[in-house]
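Notes to accompany the following structure.
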Amino acid sequence: MFSSTGNPYFTAMPEDRMQFEITEGSAIKHPRYSGLLNAWTLSFVGALVAILYLVYSRPDPYWRILKFLPDGILVTFQVTTASIFFALLLGLLTGLGRVSGNRIVNVVASTYVEVVRGIPLLVQLFYVYYALGRYLQVPDMVAAVLAMSVCYGAYMGEIFRAGIQSIDKGQTEAARSLGFSKRQTMFLVILPQAWRTILPPVGNEFIMLLKDTSLVSILAVTDMLRRGREFASETFYYFETYTLIALIYLVITLLLSRGVAHMERRLSYD
Amino acid sequence: MFSSTGNPYFTAMPEDRMQFEITEGSAIKHPRYSGLLNAWTLSFVGALVAILYLVYSRPDPYWRILKFLPDGILVTFQVTTASIFFALLLGLLTGLGRVSGNRIVNVVASTYVEVVRGIPLLVQLFYVYYALGRYLQVPDMVAAVLAMSVCYGAYMGEIFRAGIQSIDKGQTEAARSLGFSKRQTMFLVILPQAWRTILPPVGNEFIMLLKDTSLVSILAVTDMLRRGREFASETFYYFETYTLIALIYLVITLLLSRGVAHMERRLSYD
Amino acid sequence: MTKAEPIISIRDVRKFFGQLQALRNVSLDVRKGEKVVIIGPSGSGKSTLLRAINRLEEVDAGQIVVDGQNICSPEVDINLMRQELGMVFQSFNLFPHKTVLENLTMAPMKLKNIPREQAEAKAMELLERVGIKEKASVYPRKLSGGQQQRVAIARALAMNPKIMLFDEPTSALDPEMIGEVLDVMKVLARSGMTMVVVTHEMGFAREVADRVIFMDHGEIIETGTPEHFFVNPEHERTKLFLSQIL
Amino acid sequence: MTKAEPIISIRDVRKFFGQLQALRNVSLDVRKGEKVVIIGPSGSGKSTLLRAINRLEEVDAGQIVVDGQNICSPEVDINLMRQELGMVFQSFNLFPHKTVLENLTMAPMKLKNIPREQAEAKAMELLERVGIKEKASVYPRKLSGGQQQRVAIARALAMNPKIMLFDEPTSALDPEMIGEVLDVMKVLARSGMTMVVVTHEMGFAREVADRVIFMDHGEIIETGTPEHFFVNPEHERTKLFLSQIL
Amino acid sequence: KDIVIASDATWPPMEMLDSSKKVVGFAPDLLQAIGKAAGFNPVIKNVAWDGIFAGLIAGKYDMVSSSVSITDERKNAMLFSEPYFEVKQAVIVQKGSGIKSAADLTGKTVGAQIGTTGYFAAKALKGVTAKTYDEVGLAIEDLYSGRINAVSCDDPVAANYALLQPEYSDKLEIAFILPSEEKEYYGFAFPKNKKGEENVALVNKGLAKIKADGTYDAIVKKWFSAK
Ligand SMILES: Nc1ncnc2c1ncn2[C@@H]1O[C@H](COP(=O)(O)OP(=O)(O)OP(=O)(O)O)[C@@H](O)[C@H]1O
Ligand SMILES: Nc1ncnc2c1ncn2[C@@H]1O[C@H](COP(=O)(O)OP(=O)(O)OP(=O)(O)O)[C@@H](O)[C@H]1O
Ligand SMILES: [Mg+2]
Ligand SMILES: [Mg+2]
């Protein structure tokens, strides 16, 4: 027997000049990846050049805006990192709860996930900040981080659950049969293996969280967007301010997403 | 040879009383699903009962709030459906562009995806609404729908791309060898098969979009959340208003997610 | 070897995949009504050659003339040309979202604007020919591999092609189904269709082929009648290959 | 059959999986140092029985006493009990994030608080016994199946169990690796370890087993010496099974 | 003694941010003077308007100074100082829109900041669609780009936007002042509790002092001399 499987290669047929085409190109090995790669470079370099150009060519609003933002950018990062930290903790607990054999723990964790994923983040932010504010006396930043963590904890929980469930059950059986308790099995055998599966989606959540911290600007937490809004409301440079802010977000998230892609590739290799 | 693969079943070991446990339960066939199912029922019934209870037991703020909201809920749905419609259109174009063999079309589509995914939705909303507002004279609803569609179009594009790429290349070859053009192949052979893969994630995007329409409240589009904020700003019933709004969002998204799960199961069967 | 009126004429065709040369100066003429069987080890370029004939692969040098048209030329309407060239794949590639009947009527209706009734009548006739008329309204996934491949042949025939190309049509099939597909192909051969078949079914080659072509490393090594091949092959590589396969 | 001092005593054990009864009134005693081989067709309940012994499966009725302790009782510290019962799986189940040495030292260090040096010395000794000392610092994925299974045996032995349970330890292995694992098991048998082995390796059974048990449909059908089984089995089902397998 | 004061600094010239992100304006100057007179240190915090009272009730700060008009509903929920400034509701329109009186607004959309007396006044007008914004500047921006027909807000703010911002003064104008039976005054808001009562007394004391010694008039002159 010689050939038995279909030919996995397909060739380009450049004869048609239609606008949208089915890819059949084989020249590029990973057309998807390299497509985005080029788009990445284009977007990143484009955003950077645009920022520099605007600041140099029209320093009047743009350099003023840029000078106005740094503490806001810092707050954005602070909220993001603090939130991701607590979201990870909460996500770990939730993930463990979701795979728990204990019916009650399981339902509690699942309900948390269902409820939190069913309510818009903005509503949760308002709720924690203003509504619960009456009963829970916390500073702004803490309220913002709390709301973000509770929300993202649910998503993280699903990531942890998937990561834990991706580990072969034979690992659990082997550990248990050696005499490890359930807890030891989880923390010594399952989780140390699961992090490879967990890390890349966590990276994506980090980026999403960074973007979503823009919502805290509504709570008078002076993040980057809030600073921009303040500037614009004073100077009426709405267009210029939002342009610059969008570009800065873009640069930051593109850098992060490159990092995540890099991590993903490294994890998938060895 | 008798057994050759590992035993796929695992049994419950209820001997430990620790808080977090590794699931080994086999009584439930799909522990994950039924876990969420119960959580779903719990959340849904809980939210409904809470709404009814609050409205009946304390009609003073709650019934007043509820009466204040309906036109806002309508706006939320209008923005959601209009946005999903245009996002689907844009997503189709983007998906086609992302799989296109035409380098320029490909890079344009990919850059669109990269840029839009790199900027927070809220910033995009501000940008389209206020920044572009000076140059683009559009009514607020249109601006909101435009911003939401542009943002979600990028995500939809990735869904379409994945759906298209999930179809075996043999289908393309068979269609082309019968004499179909690339366009005919795409629209007669590939897309009609791809919708099965595309529909469930589109359903999820729909739910996410519904939640994200809460952001348009910041643009003075009087959606459900804005109506609630208006009510609260006059009556100072912050806690009550946000409670009710969160519950209503929860009921709506839980209903929708049940629908999506149902669709997903039906599609995966036949 | 080349007689008058070749319906396919391949001249000095070369094809590279990156560094790898899949076709090296291949020339081949196929006359109207001729049955050509291509054999050779895996990776020898059989599929590439077959696919080049209807431009599923673009060649890098040389020319391929089918029915008087240079299919490599950018001026040629390749979609029209391909209607002349029925192709059958190893993996059937039926359209799973269409019934068997729709699989057969789709191309004629969309591409030749044949009215539905007429297309369906033709389709039923073809399904009868390949022996699965009763499955007309069924979806492909309900069919066995052999049935699917017979539908795929009928689908190609529905466009009234002048030439049929087969790329290992039976090698994805369970042994008990190979026969039914080969039978359909034999009937088709007897009807006078021009056929180019890549296959390892030597019984079929012996019975049907006017000419057998042995390829290796992208080259045509040897050409001859089935008798010549199975009784008295010239080249060492041909002998080796045949000894392995028979 | 039951002599003094059974180290495993299984009494009227039943196990249901939903409707399916996987074990029907199974009773079995294993003496200290005895080698018991369990054979039987797929789905007959061999694995379930073996796994019940260290409570990887909970039984629904009956009792299992291991080394004087009723392991079905909720009072028993099952994690301590399991340290007495080494288990080897068909699929090795080495910990892929740990080196071979760490695979062996992890349980003794964490569960018995044995200091690292001591645990490592013991581990190296065991690795030498199973013949792969040189792979101590390697990660499991770099090992062949046979090597992995030998490490798995050494890992189980590192806890100094009184009893070793084997569930088809060689059936996931390529034929050329089966021998090396069986050899390790034979050496272990000669050292006086109590062993319960589910296997289809009849040569091993003949050479090592004190007793062979044939199971079918969740029941023990026949028990005897290897000679009894291979020369003169009583039951029809046993005969049928042996005729298929030998 | 520190008193933490919340201010939505998007309400020029009453309170706004300068380029060093400090809250400045009429009210901050007034508060400095009051603090000096009454012996406390005002710590001004920039807070979003929507929810500013929720924060006060929740105890996130001691007092709100954010051009808050004293209304009966608000008095139910919080304590107020003595009035410190009289305001009227002004209606800003695009030049040449032909809107001259409340009657001309029928069928039109009027924007206002959420939860302000400007919004309440717009809502009270018959046949008018009232639209809320998080900041008055955003409403003005929408008026400027033609999405709405008018904006109603406190007259000093309206004057600032319509007359002083060069970009807007070309295109916008104050059409009229909304008639109202009662006079409307700004007051500082405090939570209804013991600490709130103490602070009200303290602030009232300081306010009375600076009104008496002429400091108040000097501050008014500084910020509203253009009028
Ligand atoms: N699209 C492609 N890209 C890169 N290499 C290819 C491509 N298609 C085919 N090849 C290579 O070209 C050579 C010839 O392939 P071809 O499929 O024509 O061989 P074949 O004779 O049909 O073999 P088989 O009997 O396995 O089907 C092989 O080495 C194959 O790997
Ligand atoms: N966790 C489980 N849930 C449901 N059924 C199970 C479970 N584990 C085993 N079974 C069923 O119980 C019966 C006995 O299974 P067991 O694994 O003990 O058989 P076996 O003799 O080891 O077979 P094999 O030689 O295939 O390993 C089989 O029918 C099996 O399908
Ligand atoms: Mg081939
Ligand atoms: Mg088994």
Side-chain angles (χ1 to χ4, degrees), chain A residues 6 10 12 14 16 18-25 35-36 38-40 42-43 96-102 105-107 110-111 113-115 118-120 122-123 126-127 130-131 134 169-170 172 181-183 185-186 190 211-212 214-215 218 225 238-239 242-243 245-246 249-250 253-254, chain B residues 6 10 12 14 16 18-25 35-36 38-40 42-43 96-102 105-107 110-111 113-115 118-120 122-123 126-127 130-131 134 169-170 172 181-183 185-186 190 211-212 214-215 218 225 238-239 242-243 245-246 249-250 253-254:
Chain A
F10 302 90
D16 292 5
M18 58 173 290
Q19 199 184 349
F20 300 114
E21 301 172 359
I22 307 166
T23 187
E24 293 162 346
L36 260 186
N38 288 325
W40 186 91
L42 205 69
S43 316
L96 291 173
R98 291 272 281 129
V99 299
S100 165
N102 183 320
V105 170
N106 199 311
V107 167
S110 305
T111 306
V113 171
E114 278 285 20
V115 168
I119 300 174
L122 184 58
V123 174
F126 276 123
Y127 197 79
Y130 293 125
R134 275 190 200 188
K169 295 291 174 189
T172 304
S181 69
K182 288 191 178 184
R183 189 190 292 263
T185 302
M186 181 55 84
I190 305 299
K211 290 193 289 168
D212 275 349
S214 60
L215 297 191
I218 291 152
L225 181 56
Y238 288 99
F239 181 79
Y242 289 131
T243 302
I245 285 189
Y249 268 114
L250 189 56
T253 54
L254 284 175
Chain B
F10 303 90
D16 292 7
M18 59 174 288
Q19 202 184 349
F20 300 113
E21 301 170 2
I22 307 165
T23 189
E24 293 162 346
L36 260 187
N38 288 325
W40 186 90
L42 205 70
S43 317
L96 291 173
R98 291 273 279 126
V99 299
S100 166
N102 182 320
V105 170
N106 199 314
V107 166
S110 304
T111 306
V113 171
E114 279 285 20
V115 168
I119 300 174
L122 185 57
V123 175
F126 273 121
Y127 197 79
Y130 290 119
R134 287 199 178 182
K169 295 290 175 192
T172 305
S181 69
K182 288 190 178 183
R183 189 191 292 262
T185 301
M186 181 53 84
I190 305 300
K211 290 193 289 168
D212 275 348
S214 61
L215 297 190
I218 290 152
L225 180 57
Y238 289 98
F239 180 79
Y242 288 130
T243 303
I245 285 189
Y249 268 115
L250 189 56
T253 54
L254 284 175

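So that the names make sense, note that chain A is the first sequence line, chain B the second, and so on, each numbered from 1.
In this structure, CD1 in B/Ile218 is found 6.5 Å from CG in A/Leu215, a value given to the nearest 0.5 Å. Once rounded to the nearest 0.5 Å, the distance linking CZ of A/Phe239 with OH of B/Tyr127 reads 4.0 Å.
Residues A/Ser214 and B/Leu122 share a closest heavy-atom pair of O-CD2, 3.4 Å. Across all their heavy atoms, B/Ala39 and A/Glu114 have their closest contact at CB-CG, 4.0 Å.
Comparing B/Thr253, B/Asp212, B/Leu250 by heavy-atom pairs within less than 4.5 Å of chain A, the highest count is held by B/Leu250.
Proximity to chain A (any heavy atom under 4.5 Å) is restricted, for B/Leu225, to the side chain, taken from C-beta onward. When heavy atoms are compared at a cutoff of 4.5 Å, A/Ile119 approaches chain B by way of both its backbone and its side chain.
Under the ring-ring contact (aromatic ring centres under 6.0 Å, His included) criterion, A/Tyr242 pairs with B/Phe126, not counting sequence neighbours.
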